[in-house]
Amino acid sequence: VDTLIRNGTVLTNDASDTVLNADILIQGRKIAHIAPYGSLRHSSLTRVIDAKGAAVIPGFVQCHVHLCQTLMRGHADDLPLLAWLRERIWPLEAAHNDASLAASANLGLLEMMRAGTTTILDMGTVFGHDVILQSCFDSGIRAFSGKAMMDEGQGVPKRLRESTKASLAESDRLATHWNQKDDGRIRYAYAPRFVLSCTEKLFRSLADRLTSAADVMVHSHAAEHPDEQKYVRSLLGADDIDVITQWGVCGPRAVFAHGVQLTPAQMRRASELGTRFVHCPSANLKLGSGIAQVEKMLQAGMRIGLGADGAPCNNTMDPWVEMRLAALLSKVAAGTTSLAARRAFRLATLDGAHLLGIEALTGSLEVGKDADLAVVDLEGEHVQPAEDVFSKLVYSCRSTDVRDVFVRGEHVVRDRTHLTIDRERTIAAAKKASREQRTRAKL
Ligand SMILES: [Zn+2]
């Protein structure tokens with residue numbers, strides 16, 4: 001069935017940031033036409049969505065999340081990064097089973113998709129990752145995801161420890177089974193958790209995979225917290241990003257969350273190599289890591305995107321919160337004209353698509369691209385009487401303003417209801433699974 005989204009304020013995100021009062025016709029998975037309001041003919045079979053008083057926007061691209069951690073929301077508050085990992089996150093991840101992984105993923109997907117997220121880059125835990133990928137597959141989201149790799153490290157529970165060989169073998173198995181599923185909607189991303197949990201051998205093996213095939217992606221964490229940076233320097237004699245780059249994991253298909261501690265020289269290097277970084281403002285504040293220098297990264301020519309990180313360090317997975325916070329924090333870091341609304345909106349959408357190498361498919365509303373989009377109500381009292389649509393979206397709108405969401409032409413959220421994930425059942429399953437998980441972890 002074709003879909004006509006009629007009479008919305010369409011933010012195309014094209015090269016000239018065109019905004020127009022228009023109708024959008026979706027045929028199959030593609031945007032078939034964008035034309036001034038009322039000018040498109042359609043058949044009686046076409047499903048029509050009235051977008052009067054609403055914006056039609058490209059879906060959000062969240063470039064760093066952990067679906068396996070959604071159950072830990074509110075169970076790991078107010079701790080420094082390494083203690084947060086060792087005392088809460090790792091013991092809880094080690095206590096996952098298939099039921100808790102599915103409950104965690106479904107809750108996270110429900111929250112993100114209802115908020116207008118259409119693409120994610122996700123890092124799992126060490127085991128059971130088929131469950132997470134299956135949830136992504138079933139939900140209809142566009143996802144890059146991979147199991148966490150951990151072949152060394154202090155304070156790692158036994159169940160999260162694996163040999164280098166086993167870690168690579170399981171990741172390769174998952175990649176073979178899942179990469180490019182559903183005609184490329186699901187992609188595998190190798191996920192060495194961070195330098196403190198992975199050997200040189202592991203990183204170098206991933207560097208070999210990066211050079212051996214064009215669609216391999218590696219997703220990790222780097223330059224996050226100053227205490228971690230000190231600890232890494234004492235162990236390895238250099239910063240994590242320099243060490244990992246030297247081991248060969250760098251370039252356009254290497255994506256690192258955070259980058260809060262990057263020096264100007266490291267930013268220039270990342271820009272030259274094309275290495276990607278993901279700004280996670282809420283997580284950086286909650287774990288006390290600092291404020292990433294987004295303006296300097298952009299001026300250095302780096303490709304960056306936005307992400308919510310995991311629920312236990314945020315505690316939402318809401319792209320609106322991250323977009324607003326990115327814009328606000330950049331003013332503290334670089335002055336009030338930095339990351340204006342229009343630029344922040346692009347960071348949360350098209351820049352993420354570029355970061356993931358899928359800008360030809362998504363990130364803007366243009367004829368021929370996939371229909372990854374959201375319809376957002378602009379009539380709320382917290383939005384009026386602003387007139388500039390970028391101002392409304394970045395500074396005033398909330399996730400609850402999202403009415404409809406499409407991924408690749410599939411209607412996944414209709415009138416605020418997720419069509420593939422049952423809300424009540426998912427929340428009940430999450431509560432039960434979280435209690436049982438904490439019991440198993442003795443937390
Ligand atoms: Zn993370």
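Counting starts at 1 for both ligands and their atoms, in listed order. Computed from a prediction, not measured in an experiment: that's the story for all the values here.
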Exercise. Does a side chain donor of either Glu162 or Ser167 reach within less than 3.5 Å of an acceptor in the other side chain?
Worked result: yes
For this session: Measure from the Zn ion (ligand 1) to every N/O/S atom of His221 and report the name of the nearest one.
Result: NE2
Exercise. The Zn ion (ligand 1) to Cys280: any N/O/S contact under 2.8 Å?
Worked result: no
Problem set entry | N/O/S atom of Cys313 inside 2.8 Å of the Zn ion (ligand 1), strictly under | no
For this session: Decide if the gap between the ring center of His225 and the ring center of His258 is smaller than 6.0 angstrom.
Result: no
Exercise. Can you name the N, O or S atom of His66 that is closest to the Zn ion (ligand 1)?
Worked result: NE2
Problem set entry | Test log, rule side chain to side chain contact (heavy atoms under 4.5 Å, CB included), inputs Phe60 and Glu322 | CA-CA 11 Å; Phe60 292 109; Glu322 300 312 302; over 6 Å; no
Problem set entry | Asp215 and Gln180: side chain donor to acceptor below 3.5 Å | yes
Exercise. Got a sec: does the NZ of Lys30 have more than 12 other heavy atoms crowding it under 6.0 Å?
Worked result: yes
Seminar exercise, completed: Closest to the Zn ion (ligand 1), among the N/O/S atoms of Asp309, is atom OD1
